[in-house]
Amino acid sequence: MTSCLFCGADRTSDQCLACGLTSAAAEVMLRRRLVWRTAWFLVGAVVFVPVCQAFPPVELDSILIFVGVLFFVVLGLGLWMVNRARLRQEIEVLKRVYFGFLPVPWILAGLLFINGKLDTTPPQRETTSVIGKFSMPGVLRTQRLVVASWREGRRIERVPVSRDDYDRFQVGNPVVVEIQQGVAGIPWIYGVYRP
Ligand SMILES: [Zn+2]
């Protein structure tokens, strides 16, 4: 063990010369910092949900899968790090990767918010038809209309819609999907209408 668990400085004795903490005290401080930063990460993930509902990207499912995987990777890394710290093993690289991942939900939420909020591009309207629908229970509680795709090389699109729109449209109904291009170039669904 060469680096201080808390400040990461090289050390030769049990007490770190840079921050003055012994390895046991550094472990306690590390855990405390981990708890706060992880809470910050979780708040970011919670903020991400309403932003996704306000300005749902066309590729919402891929983004949700990415965020879901990230969520478990980050929590797994955190637990691994706590375990290694307890065994007084080196955690410097792990710590950098872990702390590097923590702002990602905030960055993504901010990006999607700006992408939709500042969007003044004229909407693109696509007339298509509903070929299926599904509702996901749980924390996210999102509804999708499965429609025939307007994009080349794709068969279907899963359009995120509000509960009202979900109830209003039935399989076989024609539907107009209004798509905005997004300030950051992430196309998002403005709304769905009856033709
Ligand atoms: Zn230190």
Side-chain angles (χ1 to χ4, degrees), residues 1-120 136-142 144 158 160 180-189:
M1 158 95 213
T2 53
S3 306
C4 170
L5 288 173
F6 183 66
C7 71
D10 286 340
R11 48 168 220 171
T12 46
S13 61
D14 188 58
Q15 187 170 24
C16 170
L17 290 176
C19 67
L21 296 173
T22 60
S23 56
E27 190 194 335
V28 172
M29 295 297 285
L30 172 78
R31 278 178 187 240
R32 196 170 295 169
R33 187 194 273 175
L34 276 182
V35 167
W36 278 109
R37 300 261 182 109
T38 307
W40 179 240
F41 172 80
L42 295 178
V43 172
V46 169
V47 166
F48 180 75
V49 173
V51 173
C52 265
Q53 280 164 351
F55 309 104
V58 173
E59 295 296 340
L60 182 59
D61 288 328
S62 322
I63 294 174
L64 286 181
I65 290 168
F66 170 76
V67 170
V69 169
L70 178 80
F71 189 82
F72 288 107
V73 165
V74 163
L75 293 188
L77 271 177
L79 289 177
W80 189 23
M81 193 153 64
V82 165
N83 202 36
R84 284 184 67 91
R86 202 177 58 223
L87 301 170
R88 300 286 182 274
Q89 287 169 334
E90 188 64 50
I91 57 159
E92 268 320 289
V93 176
L94 209 53
K95 201 154 88 178
R96 276 185 204 151
V97 174
Y98 182 80
F99 287 146
F101 273 140
L102 295 187
V104 172
W106 285 99
I107 293 170
L108 267 179
L111 189 66
L112 288 185
F113 183 79
I114 292 167
N115 184 62
K117 188 75 184 169
L118 305 180
D119 196 351
T120 53
M136 277 195 290
V139 192
L140 293 173
R141 283 187 68 86
T142 59
R144 302 293 152 77
R158 293 184 185 83
Q180 298 273 136
Q181 289 316 305
V183 175
I186 306 164
W188 58 285
I189 307 291

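Both counts, for ligands and for their atoms, begin at 1 and track the order of listing.
The stretch residues 53-83 participates, sequence neighbours left out, in these ring-ring contact (aromatic ring centres under 6.0 Å, His included) pairs: F55-F113, F55-W188.
Panel detail: the Zn ion (ligand 1) has protein N, O or S atoms under 2.8 Å away, 4 in number.
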Can you list, pair by pair, the side-chain donor-acceptor contacts under 3.5 Å of residues 33-40, counting residues two or more places apart and other chains?
from, atom 1, to, atom 2, distance (Å)
R33, NH1, F6, O, 3.4
T38, OG1, L34, O, 2.5
T38, OG1, Y98, OH, 2.4

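With rounding to the nearest 0.5 Å, the separation of SG in C4 from CG in D14 is 10.0 Å.
What you find for A85 and L5 is that their closest heavy atoms are O-CD1, 3.8 Å.
Counting heavy-atom neighbours within 6.0 Å of R158 CZ, excluding the residue itself, gives a total of 12 or less.
Residues satisfying the side chain to side chain contact (heavy atoms under 4.5 Å, CB included) test with P187, not counting sequence neighbours, are V58, I179, Q181.
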